[in-house]
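This report concerns only the one structure given below.
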Number of protein chains: 2
Amino acid sequence: MATLPPKPAMKDRILETADRLFYLQGIRAIGVDTIAAEIGISKRTLYNHFPSKDALIAAYLERRFVPPRASDKPPAEQILATFDALERRFAAKDFRGCPFVNAVAELGPADPSVRRIAIAFKESRRLWFRDLLHQLGATDPEALATQLALLVDGSIAQDLVRNDPAMARAAKEAARVLLANAGVVLDENAAAIAKKPQRAAK
Amino acid sequence: MATLPPKPAMKDRILETADRLFYLQGIRAIGVDTIAAEIGISKRTLYNHFPSKDALIAAYLERRFVPPRASDKPPAEQILATFDALERRFAAKDFRGCPFVNAVAELGPADPSVRRIAIAFKESRRLWFRDLLHQLGATDPEALATQLALLVDGSIAQDLVRNDPAMARAAKEAARVLLANAGVVLDENAAAIAKKPQRAAK
DNA sequence: ATTTGGTTACACAGACCTGTGTAATTAGTC
DNA sequence: GACTAATTACACAGGTCTGTGTAACCAAAT
């Protein structure tokens, strides 16, 4: 009988598999045959869902574009937690750098659409930093947000070649210094302090 | 027979052309035919000088590996000048990111030799930073050198996607803050100050 | 003038790639 | 059962790629 929902998501399965293979092994290194074979479908089915490999690549990158979600945690914590999350991702076996940077590096300047979405992604993260810094009353949130973005991308690039999650911690330490220099109050117990609306210092 | 100048010109021409094409358009995007055609030689000649494309790729990366040269300028200036040089390179039309990071991103984890040389390059720069920081008496030169390397690679990655030389200036500003925080004296006239016979100067 | 070594033209093998055409097959729906 | 829509197997066109084999060619040194 209906062993499977008729249209659960063939398209999703294709995208999911393409994502994994593209990201881990490179876009140019993976052919559509490989993707179809990995799922166990025919190449024809894949082309029934995506008109071309380029369309699949575009969908892959768009799927990777998840804007940083808002949080109710203290802004300073959110910023620093970014680097903790990075460190966790670095430690994972399947981390292979920033998919957008990699795609630009691979596809080169020939593909402007790839560059467009990569720019959008980088900018969205920069703006996320900027707004948090603004909430914190940092001096020159615009410039500092850019600098934090540099640290994020720098640690990603370094980890890509070195496979060393400590790069995330180094970035975090640098971020701490930059934040302090911008007048942001940084305390190890910042979370606890923020939770208790007291003004008493420790 | 004593002198057999095997015309190094040809091999160099091949390498030079391969370098330009590989770097600007990507290693996978350029075939050996394209390289040979660009020089105006036959593909056979190319294969007479390099046994395989992989060998050519390896030679290309090794050629790109130029360790930072020593200088007699004040260490702090050398460090900051790194970012000025970056900004100049970003502004150039033919800048396309770090060739080592790009190669790792392109060739993926399949090629361990590419990763090896990329690691060596990154480490050589880090050590160059570290030694300068040591001369400057910075606190924890080891950690700070890593952080400066993050800024360098971060600005390169950001410029790769954004095409914005200002990323180098942002990195320089961040570097200034980190240096100051490590106790390094930073003055716009640092050069003049350092020139004055302070202590054991050459 | 003959040997020698690098080079050339060119064909070709063997892969792999994207993308299509087609007819048969399945499964869910009326 | 009949209709519909997705999927399948499979062949194939046309392209690109790496790498090799071969015979001719050219220049300079012997």
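Labels below follow one simple rule: chain letters A, B, ... track the order of the sequence lines, proteins then strands, and each chain is numbered from 1.
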- [ ] Using heavy atoms and a sub-4.0 Å distance, could you list which residues of residues 46-62 of chain A are near DNA chain D? By number, please.
- [x]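 Those residues whose heavy atoms fall under 4.0 Å from DNA chain D, taken from residues 46-62 of chain A in numerical order, are A/N48, A/H49.
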- [ ] Could you label the plane-to-plane angle of the B/F83 and B/F129 rings as parallel, tilted or perpendicular, counting under 30° as parallel and over 60° as perpendicular?
- [x] parallel
Output the rounded distance in Å from [atom1] ([X]) to [atom2] ([N]).
{"X": "B/D33", "N": "C/dA13", "atom1": "CG", "atom2": "P", "result": "17 Å"}
{"X": "A/L21", "N": "C/dC17", "atom1": "CG", "atom2": "P", "result": "12 Å"}
{"X": "A/I41", "N": "D/dA5", "atom1": "CD1", "atom2": "P", "result": "21 Å"}
{"X": "A/K43", "N": "C/dT22", "atom1": "NZ", "atom2": "C1'", "result": "14 Å"}
{"X": "A/M10", "N": "C/dT26", "atom1": "CE", "atom2": "P", "result": "16 Å"}
{"X": "A/I39", "N": "D/dT8", "atom1": "CD1", "atom2": "C1'", "result": "14 Å"}
{"X": "B/K11", "N": "C/dT7", "atom1": "NZ", "atom2": "P", "result": "11 Å"}

TODO: Decide salt bridge (charged side-chain N to carboxylate O under 4.0 Å, His left out) for A/D153 and A/R125; before the verdict, give the C-alpha distance in whole Å, the side-chain angles of both, and the deciding distance to 0.1 Å.
DONE: CA-CA 11 Å; A/D153 281 328; A/R125 183 160 57 198; 3.1 Å; yes
Open item on the list: Check B/K172 with B/E87, please: is the shortest side-chain N to carboxylate O separation under 4.0 Å?
Closed with: no
Open item on the list: With a 4.0 Å limit, can you tell me whether B/S42 has a side-chain N or O closer than that to the phosphate oxygens OP1/OP2 of C/dT8?
Closed with: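 Result: yes.
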Task: side chain to side chain contact (heavy atoms under 4.5 Å, CB included) partners of B/E173, counting only residues at least two apart - done: A/Q147, B/R176
TODO: Could you tell me which residues satisfy side chain to side chain contact (heavy atoms under 4.5 Å, CB included) with B/D131, sequence neighbours excluded, listed by chain and number?
DONE: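 Counting only residues at least two positions away or on another chain, B/D131 forms no side chain to side chain contact (heavy atoms under 4.5 Å, CB included).
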Open item on the list: When you measure from the side chain of A/D159 to the backbone of A/D164, do you find a donor-acceptor pair of N or O atoms at a distance under 3.5 Å?
Closed with: yes
Task: Closest-nucleotide 5' rank along DNA chain C - winner of A/R44 and A/V32 - done: A/V32
